[in-house]
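Read the structure below first, then the notes.
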Amino acid sequence: MPDTADPCDTRTVALSSRILGCQFIVSCQNIPPCVDLGESLLAAIEALLATGATERVIAHEPTFKIDISASEFAERPFGFKVLEQDGRPQLSIRCATFHPHQLTLDEQRTLKQKMFEATAQILAHVYYWGEDSDQRLAALFDEGHALERSIDFTTSFVTIGNILGYEPRTVFSAWSTPSNVEYALTREEEWDAASRRARSDPTARDKAASSYGEGEPPEELRDPERIVHSNMHTISLIRTPLWERAGWSGTMFLHIPGENLPPILAPIFKDAEAARQILEGLRADLGEIDEKDRLRVSIIRGIDRLNPYAYRVVIGSNLPPETARDPGSYWVMVLRSNTMTPTSGVNLSRFLDSYRSAGSYMLAAAAWPKGQGAPMPASDARILKRELNIREAWQISRHDPDAMGIRDDDDPIIPTGEDRAPVLGLLEWMRARPHS
């Protein structure tokens, strides 16, 4: 249920739904058929992905925006485009004028075909279906006709008209008459104010601190049938389209010897413009200083027994504080990593010494388009960070937040005598799991 009642008397109507961790936000012009289309699209995706958790489908985008408005020049029944705004995909829909509850059979078929195409684009830009995605999608769409069935049984067109009439009163003002009596509000705060204060209590994190378990999670957490969509969250500071274009190919360190200044850690990208947008997007999310340590940067050393200087840089997100206050929730983290294989540990050691001395570092971005010459700054922007997780691979366990920085083909350096190194259990678990 929504947090508050919406009289739907504004020029635009906002619809929202959390589906497998992605928060869909639909902004509709408050006229038919725009609202009807927004409701129908959300319902189709909800129906299609109702069992997505059991299929191990995950959302790699934390939010997805859909804008729906009417246009005299739109194709019938509507046209759409997938756009990219600040590195996030979104859908722009322009509707032609038609009556949503008085459609011929041919018009209904055309409308459903368009909805099929729009929904397929949404699924492609928001969700990850596993390494065997081609086979799984073919089985779902071609053989199972899942998308057609989800649209057939969830569309608002005609169906609502059959129940509420062809001119349904869907705004509050349509029910108001001059004889209505207005009752003055007597309470002084929201009816659920106490619950809201409890949820926003800054000390709640200290009262229920997070801890990492060992072994298999409890059965109730491993049963996908028990997962409620509203309890699933995708946390990502990674703008996937930008990172795909940028091509992270290395990591550069800069410091000034003898000066107690924060050193610079700069991922090196192949595409300078995408690199610039990545850093500026992070600046927009975090500010000039990542005060709350929302961005997680880890350097994992000892990942290759044959090359003791090899390390991996991992960039992702820290879990937000509310995870400690909501133990029944599920969180999907999106990250990127880059493996470095130097023949010496001098550069990394100098950077770490400078970081420890200054107590902070600057995150930047560099570009090296053709791999020739020296990498150059992709932007003048910087982000000051204090947290840097410097880890030894052998100490990372299955439930460690940096476990995502270990790969199943790693051969980590394990000190003599550490026969039960935590990473062994992690690797065993990873290699036993099906890649899908």
Under 4.5 Å between any side-chain heavy atoms of [X] and [Y], yes or no?
X: S16; Y: F24; value: no
X: C8; Y: T170; value: no
X: I414; Y: V423; value: yes
X: S360; Y: R386; value: yes
X: R276; Y: I278; value: no
X: I299; Y: L265; value: yes
X: F80; Y: Q121; value: yes
X: M362; Y: I383; value: no

More than 12 heavy atoms from other groups under 6.0 Å of [atom1] on [X]:
X: L261; atom1: CG; result: yes
X: E288; atom1: CD; result: no
X: D409; atom1: CG; result: yes

Distance-minimising heavy-atom pair for I235 and S317: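 Result for this residue pair: CG2-CB, 3.8 Å.
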
For the student: nearest non-hydrogen atoms of Y355 and E387, plus distance: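 What the structure gives for the nearest pair is OH-C, 4.0 Å.
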
side-chain hydrogen bond (donor to acceptor under 3.5 Å, both in side chains) evaluation trace for T341 with N307: CA-CA 7 Å; T341 57; N307 183 355; 5.0 Å; no

Look only at the side chain of [X] and the backbone of [Y], and say whether a donor-acceptor pair between them is shorter than 3.5 Å.
X: D271; Y: E273; result: yes
X: N338; Y: V313; result: no
X: R382; Y: L363; result: no
X: H399; Y: G215; result: yes
X: T251; Y: P267; result: no
X: D192; Y: S195; result: no
X: R301; Y: A310; result: no
X: T119; Y: M115; result: yes
X: D36; Y: P100; result: no

One thing to verify: whether [Y] and [X] come together as a salt bridge, which I'm taking to mean a side-chain N less than 4.0 angstrom from a carboxylate O.
X: D67; Y: R94; value: yes
X: E428; Y: R398; value: no
X: R197; Y: E189; value: yes
X: D411; Y: R305; value: yes

side-chain hydrogen bond (donor to acceptor under 3.5 Å, both in side chains) between T234 and E61, intermediate numbers included: CA-CA 7 Å; T234 294; E61 291 293 338; over 6 Å; no

Option from R283, K385, R296 for which side chain to side chain donor-acceptor pair (under 3.5 Å) with D290 holds: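 Only one option passes, and that is K385.
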
T240 vs R88, side-chain hydrogen bond (donor to acceptor under 3.5 Å, both in side chains): CA-CA, chis, key distance, verdict: CA-CA 7 Å; T240 302; R88 300 287 189 196; 5.5 Å; no

Partner of Y311 under side chain to side chain contact (heavy atoms under 4.5 Å, CB included), chosen from I390, D304, I300, L348: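 Of the listed residues I390, D304, I300, L348, the side chain to side chain contact (heavy atoms under 4.5 Å, CB included) partner of Y311 is L348.
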
Ring geometry between F253 and F351 (parallel below 30°, tilted from 30 to 60°, perpendicular above 60°):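 Aromatic pair F351/F253 classed parallel.
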
Ring geometry between W248 and F269 (parallel below 30°, tilted from 30 to 60°, perpendicular above 60°):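 The rings of F269 and W248 sit tilted, inter-plane angle from 30° to 60°.
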
Verdict with reasoning, I315 to W243, per side chain to side chain contact (heavy atoms under 4.5 Å, CB included): CA-CA 11 Å; I315 297 178; W243 284 78; 4.2 Å; yes

side-chain hydrogen bond (donor to acceptor under 3.5 Å, both in side chains) assessment of N30 paired with T12: CA-CA 5 Å; N30 194 7; T12 59; over 6 Å; no

Salt bridge (charged side-chain N to carboxylate O under 4.0 Å, His left out) assessment of D353 paired with R356: CA-CA 5 Å; D353 288 344; R356 294 186 182 105; 3.7 Å; yes

